[in-house]
Amino acid sequence: MANSVVIVGGGTSGWMTASYLKAAFGDRVAVTLVESKNVPSIGVGEATFSTIRHFFNYLGVEEHEWMPECQATYKLAVRFEDWREPGHTFYHPFERNRVVDGFPLTDWWVQKQPTARFDTDSFLIASMCDAKSSPRYLDNSLFDSTFERGEEHRTTLSEQHTQFPYAYHFDAAMLAKFLTRFGVKRGVRHVLDDVVDVVLDDRGAIDHVRTREQGDLHGDLFIDCTGFRSLLVNKALDEPFISFQNHLPNDSAVALRVPLDMAEQGLRPATTATAKEAGWIWSIPLFERLGTGYVYASEYATPDEAERTLREFVGPMAENATANHIRMRIGRSARSWVKNCVAIGLSNGFVEPLESTGIFIIQNGIEQLVKNFPVGDEAIDENLRDTYNRQAAHVMDGLREFMVVHWYASGRSDNQYWKDTKTREIPDGLAERLEQWKVKLPDQNTIYPHYHGFESYSYRAIILGLGGLPVQPLPVLGKLDGTAADREFQLVSEQAAAIVDKLPSQYEYFAHLHGLPNERREAGSRR
């Protein structure tokens with residue numbers, strides 16, 4: 001078994017990995033993390049999706065312990081603005097479809113269309129997001145008692161049997177600091193130094209990494225958390241990188257950290273993605289500031305143009321904010337695990353960040369590493385590596401396909417960027433699936449067949465919201481008695497109104513959690 005692990009690189013991926021390995025193995029595996037004082041973290045991945053709770057569950061960390069330290073808020077959905085046409089809005093919520101007489105309620109919506117909003121007609125969470133509601137009451141109970149039964153310690157992604165109703169927004173740099181303290185307290189050796197060389201042995205595996213000030217760091221297993229540079233897997237071990245650029249053109253981003261009075265603004269429990277001329281702008285409400293950035297294709301906009309677009313979108317509050325320009329490497333390594341080195345996070349790969357998949361990719365990589373941890377027998381370890389690499393590749397390829405659907409199925413076509421999204425090359429297999437979905441909305445048998453974190457309800461929400469893919473009512477629904485579906489639509493409306501009426505605003509909830517005076521809490525609750 002690998003008795004010592006050296007993690008090269010800190011940030012979110014490095015410290016998530018270090019803290020998780022310590023939670024899993026304790027003192028049975030020595031963990032060293034080396035990071036430079038001179039290399040800043042990318043640190044813009046501030047939105048997640050709901051499976052992240054398994055990470056904190058595995059560490060045994062409660063929300064009240066980490067959320068206030070990371071300016072964290074709840075995320076119940078992604079809110080899409082202007083993707084079909086200017087002024088059009090819809091939500092992709094963390095909520096599975098209700099089923100009526102064997103058919104998802106969204107299928108019934110295509111048949112009946114009780115209003116023009118499939119999301120508020122079919123899901124509770126859409127109305128909660130519109131109202132800026134917290135998913136928890138001030139006594140910390142959830143709006144839906146279905147999820148209050150609790151979970152056993154150390155659950156993983158494979159235990160995601162229900163669709164938990166929320167994820168998180170957080171300051172990624174603050175989370176890395178929190179996890180640094182968590183990991184070091186549990187025995188992670190923290191080395192602040194620059195890695196100046198990666199030394200291979202006669203088998204081509206990594207023997208050690210050489211640091212500028214503290215000499216050589218040896219280990220049985222090395223984890224590459226060096227971000228887009230991928231110093232170990234792609235550079236030292238020369239593993240090929242498979243680009244997704246032909247499918248997903250957005251390769252750049254510019255980000256701002258904008259101080260805002262959230263008591264005045266309110267905290268919508270959703271990541272907002274607003275379509276723009278050469279990409280889209282994210283808006284992530286943290287407790288004391290707004291995280292925002294423009295993801296764009298450099299083929300259609302220059303960095304200066306992108307920054308100008310972002311500042312105009314944010315308005316006067318962006319005037320003194322420093323812009324962080326990022327060049328993104330879209331794609332994945334042919335293999336994530338090469339010899340005795342595993343790439344986790346950006347060093348392995350990255351897809352379009354629209355659905356907040358960056359943290360999920362890290363989490364999946366860590367969990368799979370623990371489940372396939374090397375035992376020291378080369379024949380067995382080779383099989384474990386193959387299992388890991390297949391699963392990691394399926395996740396990345398599935399995410400690529402889901403992201404491509406967002407552009408291909410968008411109704412927007414008002415400039416060359418948006419026109420080209422309909423004619424770009426699409427991944428193998430997707431063309432056939434798109435034809436199936438025109439006749440029958442996606443189900444678990446007609447989406448990408450391997451685990452990638454998204455279920456068929458997500459595909460249905462995206463297709464119905466974007467409006468660019470022609471969708472027909474299922475013919476059989478016209479032959480069935482739709483009374484039960486009518487009742488269910490009415491029930492969704494009634495339940496949403498009742499829940500919104502009783503829940504505190506998200507600002508009020510977090511002001512309470514942060515211990516702010518009542519007048520500050522009430523200011524936010526009126527927004």
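Start at 1 with the first residue, then count along the sequence. Atoms considered below: every heavy atom in the structure, side chains included; atoms not considered: hydrogens, waters and symmetry mates. Given the structure is predicted, the values throughout are model-derived calculations rather than measurements.
Environment of CZ in R212: sparse, with no more than 12 heavy atoms of neighbouring residues, nucleotides or ligands closer than 6.0 Å.
P285 meets the side chain to side chain contact (heavy atoms under 4.5 Å, CB included) test with H169, M262, L267; sequence neighbours excluded. Listed by chain and number, the residues in a salt bridge (charged side-chain N to carboxylate O under 4.0 Å, His left out) with E299 are R424 (sequence neighbours excluded). Looking at residues two or more places apart in sequence or on another chain, you find no salt bridge (charged side-chain N to carboxylate O under 4.0 Å, His left out) involving E319. Partners of A409 according to the side chain to side chain contact (heavy atoms under 4.5 Å, CB included) rule, which considers only residues two or more places apart in sequence or in another chain, are V405, L466, L469. Not counting sequence neighbours, E355 has no partner by the salt bridge (charged side-chain N to carboxylate O under 4.0 Å, His left out) test. S333 is linked by a side-chain hydrogen bond (donor to acceptor under 3.5 Å, both in side chains) to N234, counting only residues two or more places apart in sequence or in another chain.
Between F80 and W83, the ring-plane angle classifies as perpendicular under the 30° and 60° cut-offs. Aromatic ring orientation, Y168 versus F56: perpendicular (interplanar angle above 60°, classes split at 30° and 60°).
A donor-acceptor contact under 3.5 angstrom links the side chains of H92 and S458, judged on distance only. Between the side chains of Q160 and H54, a donor-acceptor pair is found at a separation under 3.5 Å. Between the side chains of S50 and Q163, a donor-acceptor pair is found at a separation under 3.5 Å. N250 and Y300 are not linked by any side-chain donor-acceptor pair at a separation below 3.5 angstrom, with hydrogens and angles left out of the test. There is a side-chain donor-acceptor pair under 3.5 Å between T106 and N97. In summary, the side chains of W15 and E35 do present a donor paired with an acceptor at a separation below 3.5 Å, with no hydrogens or angles considered. If you check the side chains of D121 and W109, you find a donor sitting under 3.5 Å from an acceptor. Inspection of the E352 and W280 side chains reveals an N or O donor paired with an N or O acceptor under 3.5 Å. Between the side chains of N364 and Y451, no donor N or O sits under 3.5 Å from an acceptor N or O. Using modelled atom types and a 3.5 Å distance limit, the side chains of N140 and Y509 yield a donor-acceptor pair.
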Test side-chain contact (heavy atoms from CB on, under 4.5 Å) on W407 and W418 and set out the steps. CA-CA 8 Å; W407 271 265; W418 288 99; 3.9 Å; yes
Would you sort out whether E401 and R433 count as a salt bridge (charged side-chain N to carboxylate O under 4.0 Å, His left out), showing the intermediate values? CA-CA 11 Å; E401 180 163 311; R433 285 188 269 276; 2.7 Å; yes
Go through it in stages, so that I can follow the logic: the residues are E288 and D261, the test is side-chain contact (heavy atoms from CB on, under 4.5 Å), and I'd like the CA-CA distance, side-chain angles, deciding distance and then a yes or no. CA-CA 7 Å; E288 291 183 350; D261 183 352; over 6 Å; no
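Atoms CZ and CZ, from F90 and R79 in turn, are 11.0 Å apart once rounded to the nearest 0.5 Å.
Taking the charged nitrogens against the carboxylate oxygens, R332 and E239 have no contact shorter than 4.0 Å, which rules out a salt bridge. Look at R289 and D171 and you find a salt bridge, because one of the NZ, NE, NH1 or NH2 atoms lies within 4.0 Å of a carboxylate O, short of that distance. Classification of D193 and K37 as a salt-bridged pair fails, no side-chain N sitting under 4.0 Å from a carboxylate O. Remark: D224 does not engage K235 in a salt bridge, criterion side-chain N to carboxylate O under 4.0 Å. Ion pairing between a basic and an acidic side chain is recognised when a charged N comes within 4.0 Å of a carboxylate O; E85 and R412 show no such pairing. A salt bridge links R136 with E63: the closest approach of a Lys/Arg side-chain nitrogen to an acidic carboxylate oxygen falls below 4.0 angstrom.
Between M128 and L503, the closest side-chain pair of non-hydrogen atoms falls below 4.5 Å. Counting heavy atoms from C-beta outward, L175 and C70 have side chains that approach closer than 4.5 Å. The shortest distance between side-chain heavy atoms of M174 and Q71 falls below 4.5 Å. Here the side chains of L232 and V195 are not in contact, with every heavy-atom distance at 4.5 Å or above. Using a 4.5 Å heavy-atom threshold, the side chains of H512 and P504 count as separate.
Ring-centre distance between F94 and Y166: not below the 6.0 Å cut-off. Checked against the 6.0 Å centroid threshold, F350 and F244 do not count as a close aromatic pair. In this structure, Y459 has its ring center no closer than 6.0 Å to that of Y448. For an aromatic pair to be called close, the ring centres must be under 6.0 Å apart, and Y74 with F510 satisfies this.
Between the Y507 side chain and the S134 main chain, no donor and acceptor come within less than 3.5 Å of each other. Counting only distance, with no hydrogens or angles, the side chain of R84 and the backbone of G465 share a donor-acceptor pair below 3.5 Å. Formation of a donor-acceptor pair under 3.5 Å by the Q363 side chain with backbone atoms of T51 is found in this model.
Taking all atoms of both residues into account, the shortest heavy-atom contact from E277 to Y294 is N-OH, 3.8 Å.
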